2 protein chains.
Amino acid sequence: MTVSEPAAGRRVTAVDVAREAGVSRATVGFVLNNTRGQTIPKDTRERVLRASERLGYRPNSAARTLASGRSRIILLVLPDWPIEFRMRNYLDEASLALDRAGYSLVTYTRHADQTARPLWESLSPDLVVGTIPFSPPDVDSMLACGVRKIHPNPGRTEPIDASLALSAGPRLQVDHLHERGHRNLVYAAAVEAHASSMIAARFQAASERARSLGLAALTLEEINYRSASTDETIRRMFDAGITGVVAFNDDVAAAVASGAVRAGLRMPDDLAVIGHDDSPIAAMFVPALSTIRIDTVALGRRFADFVLRSVEQRPAPTSRTVVEPTLVQRETS
Amino acid sequence: MTVSEPAAGRRVTAVDVAREAGVSRATVGFVLNNTRGQTIPKDTRERVLRASERLGYRPNSAARTLASGRSRIILLVLPDWPIEFRMRNYLDEASLALDRAGYSLVTYTRHADQTARPLWESLSPDLVVGTIPFSPPDVDSMLACGVRKIHPNPGRTEPIDASLALSAGPRLQVDHLHERGHRNLVYAAAVEAHASSMIAARFQAASERARSLGLAALTLEEINYRSASTDETIRRMFDAGITGVVAFNDDVAAAVASGAVRAGLRMPDDLAVIGHDDSPIAAMFVPALSTIRIDTVALGRRFADFVLRSVEQRPAPTSRTVVEPTLVQRETS
DNA sequence: CTGAAAGCGCTTACAG
DNA sequence: CTGAAAGCGCTTACAG
């Protein structure tokens, strides 16, 4: 395995561009950064732009960060949990929108028992966003590294809703099973500890909806979808009078459906299950899984709006549209 | 959504540590970086370490990068393709090993039609590693951004094997079906264009093995696992005398198995299928999928070794062990 | 409208 | 063994 050695030639700097364009270094910066308050004549501006283009100038990001005190990097810390299918679209959209505003989005999955130095030490992000609150040591570490903004805001408890775990989805799941006539529901989640806070958030949303619909209190059933022994769990639930399962995501729903089939139950007559996220497995599973689809593109834009508002003193976002999930009914409900 | 505003207090710098420890700025650097060739007396060293600890000093990464010309960041560019399940462990292991050597691993999924500026512009990584060769514009962009090492090496064609798409897995798939008595095989992959190069690599490895075993030439069958109409495809294959399907990954294998069940075929008697990666779906699918398991931890270490060798002038890796995939036989073969 | 210059916080030869 | 100082390549008041 060999690795390329670029031409030894010095990297092009702003000095080179200034010389090529016949202006001062400062002017190069003003033109390239569109600095407001500077009135650069049109032809000077064009000369600089052309020189920069011709030389293939790329500003040194470390120098820029050091001088300006801002890295224009947004660090998104994701939970140690398999990325959900739709998350990819979400992130693509968010990072495109942020790029247009001159920011780079870096995603980072932190291992649960991470002994490694956290990524914010080496990236100096302007903002660190997490899906769940950060531990006090993490917050201290960020502050020591000069991170200026952190979300969720340490100290305050904020609705996780704001970022990734919408509660509208779980509510919709419960509503759907309720409409289909189910009165005894259970909430199913995976046994993995990683996702605990996200599970808790979704479970709570589902529970509240069940309560307000006058249903029996929702209990949380743990499903180990890597073992084949879910059938017993399902059988036990069925014997206890459960007819509907609200699943944390489609993987869990698939495990439940698979266990139900193995236990000899008919779906959705004996038991109904609804997943969440509309991942590929939902459509292809036998029986095909009912689920909740999320408008990830809209969510991504909303995330970008949120980021820009907190990093800059931006006005309100482009549009205050609410992102509503939709029901996808298939064979399991 | 509010965002925290850290204490306005100035960030701790090396000057503060030097003052606190009663030494010069330079000495602080020497101690903290373990600069070789400098002989620091033990108690000076400890004084500096304690002062740094007490003040919660974190070096400014931008300043360090600018001064040293190295960011100690490794950028791994992943294809625009759902991250395979086991990849997560792989990356965790690699990033832990790199962290111990003082490097940070940043992963980055590039969108196919990405109009956004690439991440190497804002991160100034010392090394950019991709799973597939970079386009000439990408390479130019990296060079202009001061990236010193690129892999795969532009210009040379290198075995993709070196990084992520091992060819031992596909070979094992073919061997297994061959041993089970199958002579007419087909290679199944998803229709998504994103993974084309990885599919091509795995397909090629499988094809070569089939040829060397004296089997009929392998054809590539495209499976759309988001539609329910795979049954027809499967039926057609079966009628054409195919008895074994080598799947690109477990998702594809699941789609094939699901189609086979729908088409009324018995597995593995009428049709056998083997997946790749041993993702969670493989164990939980009905029927449970035979697949290939990869030792991702060992692979992760090997990746870290490779990175360190190319970024520094490191000696050969810890051990030149070959990472062999293993067969996991379940109900579909 | 444009330029000279200080400063961001490090690293690293170079003197002592 | 330790320190003074130049330099990395930008940004940004501040003068002209």
Side-chain angles (χ1 to χ4, degrees), chain A residues 10-48 51-52 55-73 102 121-124 126 144-146 148, chain B residues 10-48 51-52 55-73 102 121-124 126 144-146 148:
Chain A
R10 238 177 64 275
R11 182 171 171 185
V12 176
T13 72
V15 175
D16 300 316
V17 177
R19 193 186 310 114
E20 177 87 2
V23 299
S24 78
R25 279 180 58 158
T27 305
V28 172
F30 294 146
V31 170
L32 264 32
N33 295 330
N34 266 313
T35 312
R36 345 172 338 117
Q38 300 290 137
T39 7
I40 310 282
K42 192 155 186 200
D43 69 308
T44 305
R45 150 168 266 109
E46 302 225 312
R47 227 169 42 241
V48 171
S52 155
L55 297 177
Y57 171 62
R58 303 296 161 95
N60 179 314
S61 61
R64 184 199 284 254
T65 299
L66 180 58
S68 70
R70 308 189 317 144
S71 64
R72 305 191 81 97
I73 288 176
E121 284 199 11
S122 31
L123 298 190
S124 309
D126 293 338
C145 290
R148 322 184 68 109
Chain B
R10 238 177 63 278
R11 181 171 170 184
V12 176
T13 73
V15 175
D16 301 314
V17 177
R19 193 186 311 113
E20 177 88 2
V23 298
S24 79
R25 278 181 58 160
T27 304
V28 172
F30 294 147
V31 170
L32 264 32
N33 296 330
N34 266 313
T35 313
R36 348 174 333 117
Q38 298 290 134
T39 7
I40 310 282
K42 191 154 187 200
D43 69 308
T44 307
R45 150 168 266 107
E46 301 226 311
R47 231 176 33 248
V48 171
S52 155
L55 298 178
Y57 171 62
R58 301 296 161 97
N60 180 314
S61 60
R64 186 200 283 256
T65 298
L66 180 59
S68 71
R70 308 188 318 143
S71 64
R72 305 192 79 98
I73 288 175
E121 283 199 12
S122 30
L123 298 190
S124 308
D126 294 337
C145 290
R148 321 183 69 107

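These numbers come from a predicted model, not from an experiment. We name chains A, B, ... by the order of the sequence lines, and we start the count at 1 in each one.
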Q: Just the dot-bracket of DNA chain C, please: which string comes out with Watson-Crick or G-U pairs under 3.5 Å, [ ] for crossing, | for another strand?
A: |||.||||||||.|||

Q: Would you indicate which nucleotide in dG9(C), dA5(D), dC8(C) comes nearest to any side-chain atom of Asn60(B)?
A: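 Comparing dG9(C), dA5(D), dC8(C) against the side chain of Asn60(B), the answer is dG9(C).
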
Q: Can you check side chain to side chain contact (heavy atoms under 4.5 Å, CB included) on Asn60(A) and Thr65(B), steps first, answer last?
A: CA-CA 10 Å; Asn60(A) 179 314; Thr65(B) 298; 5.8 Å; no

Q: What is the separation between atom CG on Leu32(A) and atom P on dT12(D), rounded to the nearest whole Å?
A: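 Rounded to whole Å, this separation is 14 Å.
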
Q: Mind listing the closest non-hydrogen atom pair of Arg11(A) and Arg58(A) along with its distance?
A: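 Scanning both residues completely, I find the closest heavy atoms to be NH2-O, 3.2 Å.
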
Q: Using a distance-only test with no angle check, is there a side-chain donor-acceptor pair under 3.5 angstrom linking Ser61(B) and Ser124(A)?
A: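 Note: Ser61(B) and Ser124(A) side chains meet the donor-acceptor criterion.
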
Q: Nearest to the side chain of Ser68(B), heavy atoms from C-beta on, is which of dT11(C), dG3(C), dA13(C)?
A: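 From the listed options, dT11(C) comes nearest.
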
Q: Give the intermediate values and the outcome of side chain to side chain contact (heavy atoms under 4.5 Å, CB included) for residues Arg45(B) and Asn34(B).
A: CA-CA 10 Å; Arg45(B) 150 168 266 107; Asn34(B) 266 313; 3.1 Å; yes

Q: What are the two closest non-hydrogen atoms of Ala14(B) and Val28(B), and how far apart are they?
A: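 Shortest heavy-atom contact: O-CG2, 4.0 Å.
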
Q: Please name the pair of heavy atoms, one in Ala21(A) and one in Val48(A), separated by the smallest distance, quoted to 0.1 Å.
A: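 In terms of heavy atoms, the two residues are closest at CB-CA, 4.0 Å.
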
Q: Should Val12(A) and Glu20(A) be marked as a side chain to side chain contact (heavy atoms under 4.5 Å, CB included) after you check the CA-CA gap, both sets of side-chain angles, and the distance that decides it?
A: CA-CA 11 Å; Val12(A) 176; Glu20(A) 177 87 2; over 6 Å; no

Q: Please determine, for the side chain of Phe30(A), which listed nucleotide (dA13(D), dG3(D), dG9(C)) has the closest atom?
A: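 Of the options given, the side chain of Phe30(A) lies nearest dA13(D).
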
Q: Looking only at heavy atoms, what is the nearest atom pair of Arg47(A) and Gly22(A), with distance?
A: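 Answer, listing the atom of Arg47(A) first, then Gly22(A): NH2-O, 4.1 Å.
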
Q: Can you check the Leu66(A) CG to dT11(D) C1' distance for me, whole Å?
A: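 The answer, rounded to whole Å, is 10 Å.
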
Q: Indicate the atoms forming the closest heavy-atom contact of Ile73(B) with Ser122(A), along with that distance.
A: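 The pair with the smallest heavy-atom distance is CD1-O, 4.0 Å.
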
Q: Whole angstroms only, please: what is the CZ-P distance between Arg58(B) and dG9(C)?
A: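 In whole Å, dG9(C) P lies 17 Å from Arg58(B) CZ.
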
Q: Could you give the CZ-to-C1' distance, from Arg70(B) to dG9(D), as a whole number of Å?
A: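 Rounded to the whole Å, the gap is 19 Å.
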
Q: Within the pair Asn33(A) and dT11(D), is there a side-chain N or O less than 4.0 Å away from OP1 or OP2?
A: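 Yes.
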
Q: Using the closest heavy atom to pick a nucleotide of DNA chain D for each, name whichever of Ala63(B) or Pro41(B) lands nearer the 5' end.
A: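 Its nearest nucleotide being more 5', the pick is Pro41(B).
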
Q: Which nucleotide in the list dT11(C), dG3(D), dG9(D) gets nearest to the side chain of Arg64(B)?
A: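 The answer is dT11(C).
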
Q: Please report the distance, rounded to the nearest Å, between CZ in Arg11(B) and P in dG9(C).
A: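 Distance check: Arg11(B) CZ to dG9(C) P gives 9 Å.
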
Q: Specify the residues of residues 14-24 of chain A, ordered by number, for which at least one heavy atom lies under 4.0 angstrom from an atom of DNA chain D.
A: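 Per residue number, the list reads Ala14(A).
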
Q: Contact class for Thr44(A) (heavy atom, under 4.0 Å): base, sugar-phosphate, or nothing?
A: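 Touches sugar-phosphate only.
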
Q: Can you tell me which nucleotide in dG9(C), dG3(C), dA13(C) comes closest to the side chain of Thr27(A)?
A: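 Selected nucleotide (nearest to the side chain): dG3(C).
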
